[in-house]
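Shown next, in structure tokens, is the structure this report addresses.
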Amino acid sequence: MIEGTAVKTWAINVTRESYALELQMLVEESPEWRFSALHASSRKVEEFKIDEMARKIKTRAPVLWNLLGSLLSTSNRSTPDENPMEEDESSDSELWEHFGDIDLEGMIEMIKDDNQGSARKHRRAAKKEAILTVKRVVIISILMQGRNQKTNALESIIGIFLHSCRTPEKVIDLLAHMGISISVSSL
């Protein structure tokens with residue numbers, strides 16, 4: 001039993017070091033994520049793309065990206081309604097029941113309805129994936145800022161947005177303490 005504990009401890013330490021190394025590399029090798037809100041231009045704010053940041057993070061820190069995907073995923077607790085990519089097996093038997101009288105117009109309508117349902121499922125899946133991507137970027141941005149306060153591109157964009165919407169200073173400062181935004185004094 002002691003051997004198993006030692007192996008488990010070793011594996012945890014190796015894994016932790018791997019995540020920490022990827023995070024440190026993101027901080028050190030990503031000067032584009034150092035953002036000064038005081039010197040920000042409207043062009044720089046408009047050019048910020050969270051999907052581009054996500055692509056770079058995924059490329060530069062794939063192990064950390066996959067870890068967050070696993071932790072944020074709902075696939076372990078999903079039902080057919082929650083997982084749009086899962087097929088409903090009961091629909092096959094219903095389909096074959098309709099073939100008894102072979103109504104071509106009815107079949108065409110059924111196919112149209114199925115295609116619309118499939119498109120809806122794919123849109124739902126794409127929306128869930130986009131939300132998952134944003135969550136990953138926010139979490140990793142918070143972690144990066146924890147390593148180096150100047151690595152704050154996302155936090156700066158959020159702070160500028162909140163300020164432009166006349167968000168109360170207390171709210172901005174609360175979000176800054178959480179690592180989601182920069183503080184009012186930085187704006």
Side-chain angles (χ1 to χ4, degrees), residues 12-76 78 82-85 118-187:
I12 290 169
N13 288 335
V14 168
T15 305
R16 185 182 309 136
E17 288 174 17
S18 173
Y19 298 136
L21 180 63
E22 280 193 349
L23 185 61
Q24 190 60 36
M25 288 172 50
L26 280 175
V27 170
E28 291 173 359
E29 297 176 4
S30 305
E32 70 268 28
W33 296 330
R34 293 186 180 101
F35 197 95
S36 172
L38 294 174
H39 303 292
S41 65
S42 59
R43 182 183 64 81
K44 194 167 184 177
V45 171
E46 289 172 3
E47 287 177 352
F48 180 83
K49 303 279 186 254
I50 199 163
D51 55 337
E52 180 64 21
M53 189 174 188
R55 187 188 63 72
K56 288 179 180 178
I57 291 171
K58 186 177 181 180
T59 301
R60 295 174 187 171
V63 177
L64 184 58
W65 184 264
N66 290 334
L67 169 69
L68 291 176
S70 296
L71 294 174
L72 294 169
S73 174
T74 59
S75 63
N76 291 340
S78 66
E82 292 175 334
N83 188 349
M85 300 310 290
S118 178
R120 247 189 319 266
K121 287 178 182 180
H122 288 293
R123 281 193 304 273
R124 214 176 354 190
K127 183 178 179 181
K128 283 184 176 188
E129 184 59 34
I131 291 169
L132 181 62
T133 296
V134 170
K135 287 179 179 181
R136 285 172 166 165
V137 170
V138 169
I139 292 167
I140 292 173
S141 293
I142 291 170
L143 294 171
M144 287 173 25
Q145 188 188 29
R147 292 273 176 129
N148 182 343
Q149 284 189 332
K150 292 182 181 181
T151 309
N152 64 353
L154 181 65
E155 292 83 354
S156 295
I157 296 296
I158 291 173
I160 291 168
F161 172 75
L162 292 171
H163 183 70
S164 71
C165 294
R166 298 178 186 222
T167 303
E169 289 183 4
K170 286 184 177 185
V171 173
I172 296 174
D173 284 335
L174 173 67
L175 293 172
H177 286 294
M178 291 180 190
I180 297 170
S181 173
I182 56 174
S183 65
V184 173
S185 62
S186 298
L187 294 167

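In this text, all values refer to a predicted model and were calculated from it rather than measured experimentally. For reference, positions follow the sequence shown, starting with 1.
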Evaluate side-chain contact (heavy atoms from CB on, under 4.5 Å) for Glu155 paired with Ile180, printing each intermediate quantity in order.
CA-CA 5 Å; Glu155 292 83 354; Ile180 297 170; 5.9 Å; no

Please determine whether side-chain hydrogen bond (donor to acceptor under 3.5 Å, both in side chains) holds for the pair Ser18 and Thr15, giving the CA-CA distance in whole Å, both sets of side-chain angles, and the decisive distance to 0.1 Å.
CA-CA 5 Å; Ser18 173; Thr15 305; over 6 Å; no

Please determine whether the number of non-hydrogen atoms from other residues, nucleotides or ligands lying under 6.0 Å from atom NZ of Lys56 exceeds 12.
yes

For a side-chain contact (heavy atoms from CB on, under 4.5 Å) check, start with the C-alpha distance between Ile57 and Leu26, then their side-chain angles and the critical distance, and finish with the verdict.
CA-CA 7 Å; Ile57 291 171; Leu26 280 175; 4.3 Å; yes

SB check Glu32 Arg60 (cutoff 4.0 Å):
yes

For Thr59 versus Pro62, what's the shortest heavy-atom pair and its separation?
O-CD, 3.6 Å

How many angstroms lie between CD1 in Ile160 and OG in Ser181, if you round to the nearest 0.5 Å?
9.0 Å

Trp33 six-ring face occupied by Arg147 cation (under 6.0 Å, within 45°)
no

With the threshold set at 4.0 Å, does a side-chain nitrogen-carboxylate oxygen contact exist between Glu52 and Arg55?
yes

Can you measure from CG (Leu143) to CG (Leu64) and round to the nearest 0.5 angstrom?
7.0 Å

Test item: Asp173 side-chain N/O and Val184 main-chain N/O as donor-acceptor pair under 3.5 Å:
yes

Has the side chain of Glu22 got a donor or acceptor atom that lies under 3.5 Å from a matching backbone atom of Val63?
yes

Any Val45 side-chain heavy atom under 4.5 Å of Phe161 side chain:
no

Distance-only donor-acceptor check, side chains Gln149 and Gln145, under 3.5 Å
no

First locate atom OG of Ser156, then atom NE2 of His163, and finally report the distance between them rounded to the nearest 0.5 Å.
13.0 Å

Rounded to the nearest 0.5 Å, the NZ atom of Lys135 sits from the CD1 atom of Ile140 at a distance of 14.0 Å

Is any side-chain heavy atom of Val134 closer than 4.5 Å to a side-chain heavy atom of Ile50?
yes

Are the side chain of Thr133 and the backbone of Glu129 linked by a donor-acceptor contact shorter than 3.5 Å?
yes

Rounded to the nearest 0.5 Å, what's the gap from NZ on Lys150 to CZ on Arg34? Could you check?
8.5 Å

Is it the case that more than 12 heavy atoms not belonging to Glu169 sit under 6.0 Å from its CD atom?
no

List the atom of Met53, the atom of Val137, and the distance in Å for their closest heavy-atom pair.
SD-CG1, 3.9 Å

Interatomic spacing from OG in Ser141 to CZ in Arg136 - rounded to 0.5 Å
13.5 Å

